[in-house]
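Because the structure is a prediction, the values reported are computed rather than measured. Chain letters run A, B, ... following the sequence lines, proteins first and then strands; every chain starts at 1.
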Number of protein chains: 2
Amino acid sequence: MARRVQKPATQVTADDVARKLGVSQSTISRAFSMTASISEKMKRRVIDASNALGYQPNVIARSLITRRTNMVAIVMANLVDPFYPVVLDELVQQVQARGFQTLLFVPSPGQPVDDIMPNLLQYQVDAIVLTSATISSAMARTCAARDTPVVSFNRYVPGLQIHAVASDNIAGARQVADYLVSTGHERPAFIAAQRDATTNIDRRHGFMSRLKELGMPACLEEEAGDFSYEAGYAATKRLLRKAKRPDAIFYASDIMAAGGIDAARELGMGVPEDVSIVGYDDVPMAALPCYSLTTIRQPVAEMAKVAIDLLGLADPRGTKSAPAMRTIMGSLITRSSTMNRGTAGAGRKRKAAR
Amino acid sequence: MARRVQKPATQVTADDVARKLGVSQSTISRAFSMTASISEKMKRRVIDASNALGYQPNVIARSLITRRTNMVAIVMANLVDPFYPVVLDELVQQVQARGFQTLLFVPSPGQPVDDIMPNLLQYQVDAIVLTSATISSAMARTCAARDTPVVSFNRYVPGLQIHAVASDNIAGARQVADYLVSTGHERPAFIAAQRDATTNIDRRHGFMSRLKELGMPACLEEEAGDFSYEAGYAATKRLLRKAKRPDAIFYASDIMAAGGIDAARELGMGVPEDVSIVGYDDVPMAALPCYSLTTIRQPVAEMAKVAIDLLGLADPRGTKSAPAMRTIMGSLITRSSTMNRGTAGAGRKRKAAR
DNA sequence: TCGTACCTTGCATACGCATGCAATTTAACC
DNA sequence: GGTTAAATTGCATGCGTATGCAAGGTACGA
């Protein structure tokens with residue numbers, strides 16, 4: 001017969017506030033709603049009573065009805081590369097600025113993102129952001145069927161039905177090629193990361209194709225394997241020990257380039273005197289005096305804004321927009337890891353003094 | 001009279017699976033439960049049908065009943081200092097390893113953590129981790145009243161009723177003092193960060209009190225203001241321009257020490273020839289050849305494990321344990337930003353050659 | 001004075017799932 | 001084969017909130 005059996009006391013509900021005020025639970029609900037109609041007077045009474053009782057709406061219960069959790073899942077496949085903490089920071093700021101919360105997933109090394117997507121969908125997130133990770137087209141279809149928008153950040157898969165945001169890696173790499181040639185470099189090289197990463201592919205292709213356009217001979221290349229400092233370091237040692245050494249190296253990322261600078265110095269070579277070094281990303285580290293790395297700056301803040309905008313979080317009921325691909329221009333930042341080796345233009349000069 | 005009106009089609013529920021199989025919804029529920037009793041045969045039928053229909057349990061609905069969301073909130077007040085991405089990585093790994101998810105909060109600059117706690121509690125998180133941030137005792141009481149365990153990582157407030165995990169900053173700083181004195185340094189200095197941060201207070205105190213015990217004269221000191229590269233850089237310039245220059249500087253953190261090294265070099269001073277530099281944390285950057293920083297290594301992985309363990313996530317109903325404070329020993333990592341300046345022990349030698 | 005329109009509130013129900021209890025089936029044993 | 005215990009399943013209900021609908025209240029104009 002007992003109407004209510006011994007509440008666990010840990011949870012104050014709208015019913016408690018309603019009882020205290022002698023009104024209905026609906027009224028409490030409406031006091032915390034932006035849209036519902038309620039008199040100012042009553043609203044104040046409810047707010048005051050809620051504060052007195054320590055009542056806070058349970059957003060979990062709310063989302064059961066509204067079908068919106070106000071949570072955005074962010075998948076960070078990599079937190080070691082200094083580029084990604086910056087990305088995460090910007091993304092979270094954007095998400096929070098829109099009144100949403102961030103559910104963060106970090107796959108364990110080697111774990112495919114497809115494996116954790118079900119987990120993520122079970123939490124009924126309103127949207128998903130993937131950084132440096134891709135999903136299968138089957139999973140993309142699952143998300144589409146659930147009206148859960150997905151955006152891929154800094155990577156894309158042609159044909160995959162999800163949004164994508166990246167800086168214009170091809171154009172950025174072309175700028176690097178232009179810059180190196182115009183500063184008199186004659187034997188540029190590229191050090192690659194994962195072969196299948198679009199960032200790697202585009203930067204490589206933009207660089208090499210532009211070099212070719214400029215009439216340069218075939219570009220040297222070395223595979224590092226991944227986007228890490230260690231990989232860049234090791235690949236650089238291999239490359240610089242060869243007979244025909246490059247006079248400039250462009251890396252698929254800044255952190256790799258940092259490893260490259262350290263490797264070159266360890267071999268007794270001067271940067272930029274003996275070899276110019278160029279990275280990509282403009283991570284904070286690139287500005288440090290001991291690297292002072294010439295690089296392409298990715299406009300992370302803008303990219304993050306565009307990415308979150310693409311999710312259409314403002315729409316009450318997800319107006320499923322067609323998958324869009326947005327590329328954003330980066331800019332060349334010249335620092336002292338590169339130098340002018342002679343006449344500007346496609347000069348045939350052989351050597352350049354300091 | 002329609003029993004069910006036009007489902008939005010975006011959500012497959014347990015009812016759908018039940019109807020397809022001609023069993024009750026309870027059975028579906030039990031098939032996805034670890035503890036409930038269900039025959040193997042039925043379980044397989046349910047799983048198969050679920051896969052066919054694309055059914056995934058809605059954990060939001062589940063948590064309404066179980067009163068557990070399996071979400072842990074992590075508050076990261078700082079993502080710029082390279083120490084914290086490492087911390088976040090370890091914490092998230094620990095959280096996920098226990099089958100929980102991470103709800104990430106990054107307060108905007110200057111925003112007190114107390115302001116975002118209500119947000120966080122509304123999401124009914126099962127536990128909260130604060131990194132380099134503190135909350136009011138009122139808020140701590142609110143959490144206690146809700147049986148939501150809170151652990152403070154790398155910072156603590158004496159008397160505050162929440163768990164805390166930190167490396168033993170006092171002992172670590174004492175090791176630095178011992179090391180510098182035993183390597184013949186005679187004029188050590190300390191560069192401080194935020195005055196009220198316990199990490200700063202303890203490192204300063206451990207260092208200075210140990211120097212005093214060893215019979216050293218009063219230690220030089222300079223206030224940087226915060227834990228940033230820029231602050232360390234600026235404070236170092238101020239300190240090294242003074243008449244009586246130190247022969248060793250201990251910084252409240254690695255990133256500050258990195259700024260210090262660059263500042264010293266810019267002033268034409270050699271590290272460690274003219275001044276030894278010691279940091280704290282052992283961030284990845286400290287191992288780079290251009291810094292090669294002597295420092296105290298914080299055992300981040302172990303600290304993260306202890307922190308998450310303290311939350312007692314395994315317990316079905318939070319057995320509210322008394323707030324515990326755990327300190328974990330760090331270890332001195334000597335690299336080439338420091339050198340031996342003469343006889344070991346409390347020598348009175350004046351100068352030391354290279 | 002009454003009637004109309006609008007604003008405010010309460011009632012009832014649904015969101016998707018877990019779980020105590022009772023009913024039913026299966027297994028086990030003599 | 002019969003009896004009893006154990007395992008399995010269904011039924012009914014509740015978790016805390018939002019919301020359509022109807023009822024009540026207020027203000028206003030005629």
**Report entry** Short side-chain N/O contact from A:Ser26 to OP1 or OP2 of D:dT17, under 4.0 Å
**Finding:** no
Report task. Quick one: label A:Val23 by what it contacts on the DNA or RNA (base, sugar-phosphate, nothing), any heavy atom closer than 4.0 Å. Result -> sugar-phosphate
Requested in this report: Compare side-chain N and O positions of A:Thr27 against OP1 and OP2 of C:dG10 and report whether any pair is under 4.0 Å apart.
Outcome: yes
Report task. Would you tell me if any nitrogen or oxygen in the side chain of A:Ser39 comes within less than 4.0 Å of OP1 or OP2 on C:dT9? Result -> yes
Report task. For B:Gln25 and C:dA14, give me the distance from atom CD to atom P, rounded to whole Å. Result -> 15 Å
Query raised in the report: Side chain of B:Arg62: nearest nucleotide among C:dA18, D:dG16, D:dT9?
Result: C:dA18
Requested in this report: Name the closest nucleotide to the B:Ser24 side chain, picking from D:dG10, C:dA18, D:dT17.
Outcome: D:dG10
Query raised in the report: The side chain of B:Gln11 lies closest to which of these nucleotides: C:dC17, D:dA18, C:dG16?
Result: C:dG16
Query raised in the report: Relative to the 5' end of DNA chain D, which residue comes earlier, A:Ser29 or B:Glu40, by the nucleotide with the nearest heavy atom?
Result: B:Glu40
**Report entry** Spacing of A:Ile65 atom CD1 relative to D:dC15 atom C1', expressed in whole Å
**Finding:** 11 Å
Requested in this report: Could you go through the ring pair (Phe, Tyr, Trp, His ring centres under 6.0 Å) check for B:Phe105 and B:Tyr123 one step at a time?
Outcome: CA-CA 12 Å; B:Phe105 289 79; B:Tyr123 273 86; 7.3 Å; no
Requested in this report: Identify which nucleotide among C:dC17, D:dC11, D:dA18 has an atom closest to any side-chain atom of B:Thr13, counting heavy atoms from C-beta outward.
Outcome: C:dC17
Query - Gap between atoms CD1 and P, on A:Ile28 and D:dG16 respectively (whole Å) - result: 15 Å
Report task. Give the intermediate values and the outcome of side-chain hydrogen bond (donor to acceptor under 3.5 Å, both in side chains) for residues B:Ser136 and B:Asp114. Result -> CA-CA 7 Å; B:Ser136 66; B:Asp114 260 43; 2.5 Å; yes
Report summary line: Atom CG of B:Leu64 and atom C1' of C:dA14 are separated, to the nearest Å, by 12 Å
Query raised in the report: Donor-acceptor pair under 3.5 Å: do we get one between A:Arg67's side chain and the base of C:dG16?
Result: no
Query raised in the report: Hey, are A:Lys305 and A:Asp309 close enough for a salt bridge, meaning a charged N less than 4.0 Å from a carboxylate O?
Result: yes
Query raised in the report: Between A:Arg44 (CZ) and C:dT8 (P), how many Å, whole number?
Result: 15 Å
Query raised in the report: Closest nucleotide of DNA chain D for B:Met42 versus for B:Ala61: which of these residues is on the 5' side?
Result: B:Met42
Report task. Rounded to the nearest angstrom, tell me the gap between atom CD1 in B:Ile38 and atom C1' in D:dA6. Result -> 17 Å
Query - Atom-to-atom span, OH of A:Tyr123 to P of C:dC17 - whole angstrom - result: 14 Å
Requested in this report: Please report, rounded to the nearest Å, how far the P atom of C:dC7 is from the CZ atom of A:Arg30.
Outcome: 14 Å
Query raised in the report: When you check the gap from the basic side-chain N to the acidic O, do B:Arg67 and B:Asp126 get nearer than 4.0 Å?
Result: no
Report task. Considering only NZ, NE, NH1 and NH2 on the basic side and carboxylate oxygens on the acidic side, decide whether B:Arg19 and B:Asp15 come within less than 4.0 Å. Result -> no
